[in-house]
Each structure stands twice: as structure tokens, then as C-alpha cells.
Student: 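Here's a structure for you.
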Amino acid sequence: MIIIGLSHGLHVAKKIAKLLKRPYSKLEASRFPDSETYMRFHCDVRGQQVVLVQSFYGDVNNCLMEVFFAAWTAKDLGARKVILAAPFFPYFRQDARFNPGECVSLQVIAKFVDDCVDAFFVIDPHLHREKNLGHIFKVKAHKITANPLMMEYIKKHVKNPLIVGPDWESYKWAQATAKMIGCESVILEKTRYNSRDVRVKLSKNIDISKNNLVLVDDMISTGHTLLETIKLLKGMGAKKFTCVTVHGIFAEGALEKLEKTGAKVAACNTIPGRCAKIDVSGLLADALRHTS
Ligand code: R5P
């Protein structure tokens, strides 16, 4: 097995290779002046299982193009099997046609993955209407969860926590995490009007004044979900907040906006950044160790 770091997966690829005691190679990828992609392998992949490590943030579509070129080139060079290991994978939220004529992006992306690689590993994909990766991808797709790592982080860094899930999707996780930590949890009701307009409300009265509130979500994108949550809870007298997420996308200055409220923010390093304090490379290494 050879571990290959693509441009947005380098930060975890080297660690994965080290943990697995497998060779690591960086893929040379650049853009021609006309913006076309240039790519070159610097290792012999013949007969090998090749693990392409790529995360998807920033120019997400270019990240996909890199995988496309790398996977086909690896096969063309004689790789036995090509595996995509994705700390963060995009487009899971576009899993339905919400308005007539829209592209169901997840379907297109799933076809792309099926055509490019033989197996797929992903950390906490945003599964909404469809919970089973086997119904989305034809290739073997493995879902890995960072929940135990996040729970450890909360246990270590927050005294007397109360876990807050901003919507019903976070219900199971928030409740399970609270149980493991031995604290209470509360779930809000969220209504999303568009990608930047969300409202949250709490349907029962609870005393939150004595706890340090830990807001958990699988991803922070524009941050509006958690900003609205903080606004609501501040109105109820809450003072201290920690936001913990798997995927810190932090689009449109979301991190700065959250920090401005006084909240502390921690994310997994599925996407690198100054808040990426929880390392997921061990999770990917463990999952890959058992693949043949
Ligand atoms: C939605 O269902 C997700 O779990 C997150 O709550 C959402 O994607 C966060 O997005 P934003 O930060 O833009 O509100």
C-alpha cells in the first residue's frame, strides 16, 4: 500500500503513512498558465494498492478534478486498487431536487467516485435523507465517525458541560455524547429558509445558567446555525460557549463571527486551520489497516 497526498490531503496523508508504516509519496500537481491541470506520480504504483488522500475545501471542484486525474493515472500506471480517503467530502447536502430543474449534485458526485476509485473512506459524511452509503455509492464506501474524539475533547476541555444540538439531526449524537460524558443534553428546533438564513428555537424551558454550553454540529459552514443558537441561548442568560464540530468549513468569515460572540471553537483537522485541534489521521489509518 502506498499513501499519496493530494494538494488538500497533505496535512493528514503523511501522518496516515507514518501510523501505517507504509511509504508516502506526494503527487506533483500544478496548473498550466491556461489553468489546465498537470499531474505526475513520483513513485512506482504498479501492482500496488494506492490510497489517494484528499480533502475537499476551498476550490472544491478543483479538488475533485485532482482526484479524477490521479485515480485514472494510477490505474493507467498499473495500480492494483485505487482507494480514496477523504477526511471531508462535499456535496452530501445536495441530496435531493429541492426546486424543479436542479442538479442532484450528490448523485453526480457518487457516479464520479464509482467511476474513479475502487473503495472510498470518508469521515462523518452529512447523511440527511439517505443514511446508508451503500445506497449512494456502488463501490465499497466506509463511513468513519470522529464522535469519540470529539467526546474526548469535550471531556478534557470543558468543565460541567451541557451539550446543545442545534437541530433534530444532532439529536442522537448529542444524547449519546452527553451520556458518555455523564452530563445533560438539549436539542433545539431549526428551520432553514436558505443557506444564510436559519432560525432556532427551544421548545421547553430549561435552566442553562449553571453550565458551560457545548454546541455540537457535524459541520460549520456559514456559521449561521451556531450564531443563531448562541443568540438564543445568550437571551436565556447563558454566558460561556464552546463550539465543537467535525468539519470546520468556516465560509464567509464564520470563524471570526463565532469568536466575536466570545465562543471558543474547536474542529477536527478534516479541514486544516487554526481551530483544527482534533486529529483524525488515526481514524483513517485504523480503517485503512483493515482493507485488503
Ligand atoms: C445541517 O443540517 C448541518 O448539520 C449543519 O447544521 C449546517 O450545515 C451548518 O451550516 P451553517 O454553518 O451554514 O449554518
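Side chains are part of it too, since the values below use all heavy atoms of this structure and drop only hydrogens, waters and symmetry mates. Just follow the structure's listing: the first ligand is 1, and inside any ligand the first atom is 1.
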Student: Can you list the atoms of ligand 1 that are under 4.0 Å from a heavy atom of Arg93?
Tutor: 8 (O), 10 (O)

Student: Show me which atoms of ligand 1 lie under 4.0 Å from any heavy atom of Asp218.
Tutor: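 Checking each atom against Asp218, I get 3 (C), 4 (O), 5 (C).
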
Student: Identify, by atom number and element, the atoms of ligand 1 in contact range of Lys190, meaning under 4.0 Å from any of its heavy atoms.
Tutor: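 Matching atoms, with element in brackets: 1 (C), 2 (O), 5 (C), 6 (O).
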
Student: Can you tell me the protein heavy atom closest to atom 2 (O) of ligand 1 and the distance?
Tutor: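 Sorting protein heavy atoms by distance from atom 2 (O) of ligand 1 puts Glu169 OE1, 2.9 Å first.
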
Student: Hey, does Met219 come in under 3.5 Å of ligand 1, counting only N/O atoms on both sides?
Tutor: no

Student: Near Ile220, which atoms of ligand 1 are under 4.0 Å from a heavy atom of that residue?
Tutor: 12 (O)

Student: Could you tell me whether Glu228 and Lys201 make a salt bridge, using a distance below 4.0 angstrom between a side-chain N and a carboxylate O?
Tutor: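 Salt bridge: no.
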
Student: Tell me the protein heavy atom at minimum distance from atom 14 (O) of ligand 1, and give that distance in Å.
Tutor: Thr225 OG1, 2.6 Å

Student: Does the gap between the ring centers of Phe89 and Phe120 come in under 6.0 Å?
Tutor: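 They qualify: ring centres under 6.0 Å apart.
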
Student: Nearest 0.5 Å, what's the NZ-CD1 distance between Lys14 and Ile3?
Tutor: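 The distance works out to 13.5 Å.
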
Student: Quick check on contacts: which atoms of ligand 1 are under 4.0 angstrom from a heavy atom of Gly223?
Tutor: 11 (P), 12 (O), 13 (O)

Student: Which residue supplies the protein heavy atom nearest to atom 5 (C) of ligand 1, what is that atom called, and how far is it?
Tutor: Asp217 OD2, 3.2 Å

Student: With heavy atoms under 4.0 Å as the rule, classify the contact between Arg196 and ligand 1 as side chain, backbone, both or neither.
Tutor: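 It is neither; nothing of Arg196 touches ligand 1.
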
Student: Do Thr177 and Met150 make a side-chain contact, defined as non-hydrogen atoms from C-beta onward lying under 4.5 Å apart?
Tutor: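 The answer is no, as the side chains (C-beta and beyond) never meet within the 4.5 Å cut-off.
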
Student: Checking the side chain of Glu66 only, and the main-chain atoms of Ser7 only, is there a donor and an acceptor separated by less than 3.5 Å?
Tutor: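 The answer is yes, because a donor-acceptor pair under 3.5 Å joins these two groups.
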
Student: Looking at Asp286 and Arg289, does any basic side-chain N land under 4.0 Å from a carboxylate oxygen?
Tutor: yes

Student: Whether the side chain of Asp118 engages the backbone of Ile83 through a donor-acceptor N/O pair (distance < 3.5 Å, no angle test) should be reported.
Tutor: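 It does not hold such a pair.
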
Student: Inspect the contact between Lys277 and Asp279 and indicate whether a charged nitrogen and a carboxylate oxygen are less than 4.0 angstrom apart.
Tutor: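 Not counted as a salt bridge, because no side-chain N and carboxylate O are separated by less than 4.0 Å.
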
Student: Is Thr222 touching ligand 1 with its side chain, its backbone, both, or neither, if touching means heavy atoms under 4.0 Å apart?
Tutor: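 Within the 4.0 Å criterion, Thr222 contacts ligand 1 through backbone and side-chain atoms alike.
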
Student: Please could you name the atoms of ligand 1 that Arg192 approaches to less than 4.0 Å, counting only its heavy atoms?
Tutor: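 So the atoms of ligand 1 that pass are 7 (C), 9 (C), 10 (O), 11 (P), 14 (O).
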
